[in-house]
**Q** 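Mind looking over this structure? Questions follow.
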Amino acid sequence: MATPSPFAFDGDLIAALRRARFIAALTGAGISAESGLATFRDAQTGLWARFDPRELATPSAFARNPKLVWDWYAWRREHVAAAHPNAGHLALAELEQRGVPEFALITQNVDGLHQRAGSRSPIELHGNITRVKCSREGTVVERWNAPPDAVPRCANCGALLRPDVVWFEEMLPEPALAAADAAARRCNVLLVVGTSAEVYPAAALPALARRSGAIIVEINPNATPLSAAADYVLRGAAGVVLPALVAALD
Ligand code: APR
């Protein structure tokens, strides 16, 4: 017998999820918080509360001090490698495998934990920290040797290598943005999980989905600018709410 859910989900929400032909999810750093990875904007603990994004996450910061930026991403990459997908990631992977006719997972996260949880092909809006690319040609480099005192260089053109993530002031990868846009326009339900909904263009996707007739479900322990516009707000941690929500579909 299934363990009784601690949540009494709205019956209409469950019905909407059960009849949905296309469920999409948009995730942010909050879904990885229970895996021990810091979010960006949570007070005190968030990365941007401890580090200055202008010194670490912009093209001009990399031009000014590539070693500082390279080392900071190397430090984050170690944390990501040591982390494990949590019940929130696993629940979304399970939802995808449940045979919902269509499912799309759009993530702002660069940690690759969705893939490690079994999600088939998440749409990575902001790149992936486990990849490195040539800062001139943009080609992804599989293997690189980081000398202790310098930033590694592209074997082909000699330019500096950089993390394959989207920095502030940079455009998102066009194919990912187009796929996310299409999913937002076509989904019946959009689960918005663990994002402060402040960073664009990702933060524009819920409004686009809503204008296209989708039901918006926010899953976040804290209020965000999206909360007032959401059809359902589930106040709790992703690793607790998502497994319960997926189980409630049984
Ligand atoms: N479960 C669900 N949500 C959580 C949890 C949790 N366990 N813990 C925290 N949150 C919520 C916070 O309340 C907050 O609203 O996750 C959100 C994290 O917000 P941000 O730190 O702003 O992260 P995100 O929205 O992903 O940032 C967007 O900004 O810095 C850039 O490129 C970076 O992709 C990132 C983008």
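Every number for a ligand or one of its atoms is a count from 1 in the order of the listing. By convention here, the first residue in the shown sequence is residue 1. Atoms considered below: every heavy atom in the structure, side chains included; atoms not considered: hydrogens, waters and symmetry mates.
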**Q** Measuring from Ser35:OG to His89:NE2, what's the distance to the nearest 0.5 Å?
**A**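 Between atom OG of Ser35 and atom NE2 of His89 there are 4.5 Å.
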
**Q** Identify the protein heavy atom lying closest to atom 17 (C) of ligand 1, giving its residue, its atom name and the separation to 0.1 Å.
**A**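 Going atom by atom, the protein heavy atom closest to atom 17 (C) of ligand 1 ends up being Gly194 O, 3.5 Å.
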
**Q** What atoms of ligand 1 come closer than 4.0 angstrom to any heavy atom of Gly28?
**A**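 In order of numbering, the contacting atoms are 26 (O).
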
**Q** Testing the basics here: between Pro53 and Phe168, what is the closest heavy-atom pair and its distance to 0.1 Å?
**A**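 Scanning both residues, the minimum pair turns out to be CB-CE1, 3.8 Å.
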
**Q** Among protein heavy atoms, which lies nearest atom 5 (C) of ligand 1, and at what distance?
**A**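 Of every protein heavy atom, Gly30 O, 3.4 Å lies nearest to atom 5 (C) of ligand 1.
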
**Q** What protein heavy atom sits nearest atom 14 (C) of ligand 1, and how far away is it?
**A**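 Among all protein heavy atoms, the one nearest atom 14 (C) of ligand 1 is Asn220 ND2, 3.8 Å.
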
**Q** Test the Arg77-Trp70 pair against the cation-pi criterion, namely NZ or CZ under 6.0 angstrom from the six-membered ring centroid and within 45° of the ring axis.
**A**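 Yes; both conditions hold, so Arg77 lies above the ring face of Trp70.
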
**Q** Examine distances only and state if a side-chain atom of Arg210 and a backbone atom of Ala229 form a donor-acceptor pair shorter than 3.5 Å.
**A**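 Pair found, side chain donor or acceptor close to backbone of Ala229.
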
**Q** Determine whether any heavy atom of Glu198 lies closer than 4.0 Å to an atom of ligand 1.
**A**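 Not so, Glu198 does not reach ligand 1.
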
**Q** I'd like to check which ligand 1 atoms, numbered from 1 as shown, lie under 4.0 Å from a non-hydrogen atom of Glu34.
**A**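 Atoms satisfying the 4.0 Å criterion: 1 (N), 6 (C), 7 (N).
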
**Q** Go through the steps to decide whether Phe51 and Trp75 satisfy the test ring-ring contact (aromatic ring centres under 6.0 Å, His included), and finish with yes or no.
**A** CA-CA 13 Å; Phe51 303 97; Trp75 169 78; 5.5 Å; yes

**Q** If you have a sec, work out which protein heavy atom is nearest atom 30 (O) of ligand 1 and how many Å separate them, to one decimal?
**A**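 Of the protein heavy atoms, Trp48 NE1, 2.8 Å lies nearest.
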
**Q** With only distance considered, is Phe40 within less than 3.5 Å of ligand 1 through an N or O on each side?
**A**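 Yes - when backbone and side-chain N and O of Phe40 are compared with those of ligand 1, one distance drops under 3.5 Å.
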
**Q** Is there any N or O on Ala29 that sits under 3.5 Å from an N or O of ligand 1?
**A**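 By distance alone, the answer is yes.
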
**Q** Heavy atoms only, cut-off 4.0 Å: how does Phe168 contact ligand 1, side chain, backbone, both, or neither?
**A**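 For Phe168, only side-chain atoms sit under 4.0 Å from ligand 1.
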
**Q** Are any of the N/O atoms on Asn222, whether in the backbone or the side chain, positioned under 3.5 angstrom from an N/O atom of ligand 1?
**A**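 Asn222 vs ligand 1: N/O contact under 3.5 Å present.
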
**Q** Could you tell me whether ligand 1 has any atom less than 4.0 Å away from a heavy atom of Asp42?
**A**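 For ligand 1, residue contact (heavy atoms, under 4.0 Å) with Asp42 is present.
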
**Q** Quick one: look at Val199 and ligand 1, take heavy-atom pairs under 4.0 Å, and tell me if it's side chain, backbone, both or neither.
**A**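 The answer is the side chain of Val199.
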
**Q** How does Arg41 reach ligand 1, by side chain, by backbone, by both or by neither, if only non-hydrogen atoms under 4.0 Å count?
**A**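 Within the 4.0 Å criterion, Arg41 contacts ligand 1 through backbone and side-chain atoms alike.
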
**Q** Any side-chain heavy atom of Leu125 within less than 4.5 Å of one from Asn109?
**A**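 Sidechains of Asn109 and Leu125: no contact.
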
**Q** Could you work out, for atom 1 (N) of ligand 1, the closest of Pro53, Ala238, Pro225, Gly46 by heavy-atom distance?
**A**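 Of the listed residues, Ala238 has the closest heavy atom.
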
**Q** Run the side-chain donor-acceptor check on residues 195-209: report pairs under 3.5 Å with partners two or more places apart or on a different chain.
**A**
{"unit_1": "Thr195", "atom_1": "OG1", "unit_2": "Gln108", "atom_2": "NE2", "d": "3.0"}
{"unit_1": "Thr195", "atom_1": "OG1", "unit_2": "Ala197", "atom_2": "N", "d": "3.2"}

**Q** Test of understanding: given a 4.0 Å heavy-atom threshold, classify the contact between Gln108 and ligand 1 as side chain, backbone, both, or neither.
**A**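 It is both backbone and side chain that touch ligand 1.
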
**Q** Show me which atoms of ligand 1 lie under 4.0 Å from any heavy atom of Ala33.
**A**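 Going through ligand 1 atom by atom, the ones under 4.0 Å from Ala33 are 8 (N).
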
**Q** Could you check whether the rings of Tyr73 and Trp167 sit parallel, tilted or perpendicular, using 30° and 60° as the cut-offs?
**A**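 Rings of Tyr73 and Trp167: tilted, as their planes differ by 30° to 60°.
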
**Q** I'd like a table of donor-acceptor pairs (distance under 3.5 Å, sequence neighbours excluded) in which one partner is a side-chain atom from residues 174-193, with atom names and distances.
**A**
{"unit_1": "Asp181", "atom_1": "OD1", "unit_2": "Arg185", "atom_2": "NE", "d": "2.6"}
{"unit_1": "Arg186", "atom_1": "NH1", "unit_2": "Glu102", "atom_2": "OE2", "d": "3.3"}
{"unit_1": "Arg186", "atom_1": "NH2", "unit_2": "Glu102", "atom_2": "OE1", "d": "2.6"}
{"unit_1": "Arg186", "atom_1": "NH2", "unit_2": "Glu102", "atom_2": "OE2", "d": "3.3"}
{"unit_1": "Asn188", "atom_1": "OD1", "unit_2": "Arg21", "atom_2": "N", "d": "2.8"}
{"unit_1": "Asn188", "atom_1": "OD1", "unit_2": "Phe22", "atom_2": "N", "d": "2.7"}

**Q** Just verifying a value: how many Å separate Arg98 CZ and Leu17 CG, rounded to the nearest 0.5 Å?
**A**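 Atom-to-atom, Arg98:CZ and Leu17:CG are 10.5 Å apart.
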
